[in-house]
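Some notes on the structure that comes next.
Excluded from the calculations below are hydrogen atoms, water molecules and symmetry mates; all remaining heavy atoms, backbone and side chain alike, are included. Worth saying up front: this structure is predicted, and the values here are computed from it rather than measured.
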Amino acid sequence: MKGRVLVYGMHGYRNLGAESRLVAMVRELRRRVPDAEVVTNSLDRTALDYLSGEATVRYFHPAAYRAASKRLIDDADCVILSEGAMIGDRFSPALVDGLTRALEHAQGRGIATVGLALDSNYLSPARRARTVAALNRISLLTVRAPGADAGLAAYGVTVPMPVTADCAVSMPLPEPDAGRAFRERAGVGDAPIHAIAPVDFHMWPALLRPIGRRSDFVRWPYRGTWPDGGRLRSDELVGIWAAHARRLLSLDARARVMLVLMDRGDVRFGRRVHAAIGAPERTFVLDGQSSTPAEISAALGQAETLTSSRYHALVLSAAYAVPALALGHDNRTRFFCQDLGLERYWVGHDVPDPVAALDERLDELRADRDAVRARIATGFAEMRVRDARNYELLGDVLAGIGHRVERVEPAVAAA
């Protein structure tokens, strides 16, 4: 036994959702498997510096990630796939290809493999058979929402798939005064903040293309393709978000709109939305590229409302019971709203009039604010209980390969 556990994903691109899962996993592994070295990978030299002292971060260049990831896997006793959306290629085939190769390589060498709180999403026929075959040889697979297991079973996954919850629900919350400090830095005083977390989902899937025009890259080396007229639909989506933001500003003369950019791929689109709103004195951008998961969490905790296309903006804001709408483009945000019993507040992006639909749901959300907050608080607490099950099952796997596992009580996040 090597005494090493690898938490593997496309880390280092400052996807704050993926990193919030990573932070929670690292903390729980250190609590429950104290003798193990926790290792994770990064495609950026400094993006995960905040994990110093918590985990060993191994950098490798994106162009060399296939060979480098094999070496990391060979040096581990167990490989944990960390990114919830890995089973799907709607955003990029690179993610599911990386998942499948990691599983195949580890399984070929007798190394334990775990998919922790993953999701089901669209899996193209070209990749389906190979990915499903690798999943059916996995040591442990848990899914993060009711409905995800049925989606994977429809593809042919036959291993047990306990329904748990997304790992980010147990990410440690920032210190109590972090919210006040955020307001001071943002210069908003005690003004009501309405958060929006947009995604330009019309530009996906992105492809690995190390050479090309800079304007085409969503985050190097991933080039956005904007397929089938996607650039025009992207322009329309900017208008939808800008109109919704202006409605939020109309709710209170002191209100501010905060654009939360959770991923590098959101930055260019978010700046376009910010400009289109046309009220720079009442809007500001929180760019996740210069933030940590804890800082994003503190900011979301200050919001009166959230409207989000980002799954993990919904997750992180739920820790504070922030009333939220979702403008959805795949099943992840819908699954999350269903899990809370609040599917009414999920709006598909392809409805005939998204602006009118968001306005209608916003009115309902405000009228039923207290009941919605109570439902979110109850549902989030239930999710945290289910998330603890992720680590109980993972502990069984690690104990089975020789690690000393501490059976501990679920950690309680700071209020």
Side-chain angles (χ1 to χ4, degrees), residues 1-15 17-19 21-23 25-26 29 33 36-49 51-52 54-89 91-119 123 126-127 130-141 167 205-210 219-223 263-265 394 397-398 401:
M1 190 178 70
K2 307 176 186 72
R4 191 172 295 115
V5 177
L6 172 63
V7 184
Y8 177 74
M10 295 290 189
H11 307 139
Y13 280 129
R14 276 296 165 90
N15 177 317
E19 290 188 24
R21 285 172 54 94
L22 177 62
V23 168
M25 288 182 191
V26 167
L29 283 166
V33 199
E37 179 185 8
V38 180
V39 179
T40 194
N41 62 294
S42 176
L43 300 173
D44 184 279
R45 290 186 185 277
T46 62
L48 299 184
D49 282 355
L51 287 178
S52 177
E54 299 294 319
T56 301
V57 179
R58 299 295 187 199
Y59 162 78
F60 48 78
H61 192 279
Y65 83 95
R66 290 189 183 185
S69 63
K70 288 180 180 179
R71 291 193 295 271
L72 283 180
I73 291 168
D74 289 341
D75 287 340
D77 303 309
C78 179
V79 179
I80 302 172
L81 303 172
S82 65
E83 296 196 47
M86 283 182 118
I87 308 176
D89 51 8
F91 292 101
S92 172
L95 197 60
V96 71
D97 286 348
L99 168 145
T100 303
R101 283 193 300 268
L103 287 178
E104 291 173 339
H105 185 78
Q107 290 161 355
R109 282 156 174 74
I111 297 168
T113 51
V114 173
L116 207 61
L118 303 188
D119 214 334
L123 191 57
R127 293 174 176 81
R130 183 178 171 186
T131 301
V132 167
L135 289 170
N136 281 334
R137 297 192 299 272
I138 203 167
S139 308
L140 170 66
L141 175 61
C167 300
L207 302 175
L208 277 169
R209 291 290 188 270
R219 56 185 189 191
W220 190 88
Y222 293 96
R223 184 172 67 85
D263 179 89
R264 191 171 298 177
L394 175 59
V397 173
L398 295 175
I401 58 178

When rounded to the nearest 0.5 Å, the distance separating CZ of Phe60 from OG of Ser69 is 5.5 Å

Check whether any side-chain heavy atom of Ile73 sits under 4.5 Å from a side-chain heavy atom of Leu6, and report yes or no.
yes

What distance do Leu29 atom CG and Ile80 atom CD1 have between them, rounded to the nearest 0.5 Å?
4.5 Å

First locate atom OH of Tyr65, then atom OH of Tyr8, and finally report the distance between them rounded to the nearest 0.5 Å.
6.5 Å

Does the distance from a Lys or Arg side-chain N to an Asp or Glu carboxylate O, for Arg109 and Asp74, drop under 4.0 Å?
yes

Smallest heavy-atom separation, Ile401 atom then Cys78 atom, equals CD1-CB, 4.1 Å

Is the closest side-chain heavy-atom distance between Ser42 and Tyr13 below 4.5 Å?
no

Spatial distance of atom CG (Leu103) from atom CD1 (Ile138) [nearest 0.5 Å]:
5.0 Å

Residue pair Val5, Leu398: steps toward the side-chain contact (heavy atoms from CB on, under 4.5 Å) verdict
CA-CA 9 Å; Val5 177; Leu398 295 175; 4.1 Å; yes

Minimum heavy-atom separation for Ser139 to Ala112, with atom names?
OG-CA, 3.6 Å

Between Asp89 and Leu123, the two heavy atoms sitting closest are OD1-CA, 3.7 Å

Just how far is it from atom CE of Met86 to atom OG1 of Thr100, taken to the nearest 0.5 Å?
9.0 Å

Side chain proximity check, Arg58 to Thr56, heavy atoms < 4.5 angstrom
yes

Does Ala134 offer a backbone N or O that forms a donor-acceptor pair with the side chain of Gln107 under 3.5 Å?
yes

Flag, side chain of Asp77 to backbone of Gly3, donor-acceptor distance under 3.5 Å:
yes

For Arg137, does the CZ atom have more than 12 heavy-atom neighbours from other residues, nucleotides or ligands under 6.0 Å away?
yes

Main-chain N/O of Arg14 paired to Asp263 side chain as donor or acceptor, under 3.5 Å
no

Give a yes or no on whether a salt bridge exists between Glu37 and Lys2, defined as a side-chain N under 4.0 angstrom from a carboxylate O.
no

Taking every heavy atom of Arg264 against every heavy atom of Gly12, the minimum-distance pair comes out as NH2-O, 3.9 Å

Going by side chain to side chain contact (heavy atoms under 4.5 Å, CB included), Arg127 matches just one of Leu99, Ile87, Asp97. Which one?
Asp97

Considering only heavy atoms from C-beta outward, does the side chain of Met10 approach that of Leu95 to under 4.5 Å?
yes

Taking atom CG of Leu51 and atom CG of Leu22, what is their separation to the nearest 0.5 Å?
5.5 Å

Any salt bridge between Glu83 and Arg21, counting N to O under 4.0 Å?
no

Taking every non-hydrogen atom, the tightest pair across Pro93 and Ala206
CD-O, 3.6 Å

What heavy-atom pair brings Leu48 and His11 nearest, and what distance separates the two atoms?
CD1-CB, 3.9 Å

Non-hydrogen side-chain atoms of Val397 and Val114 separated by less than 4.5 Å
yes

Answer yes or no: is there a side-chain heavy-atom contact under 4.5 Å between Val79 and Ile111?
yes

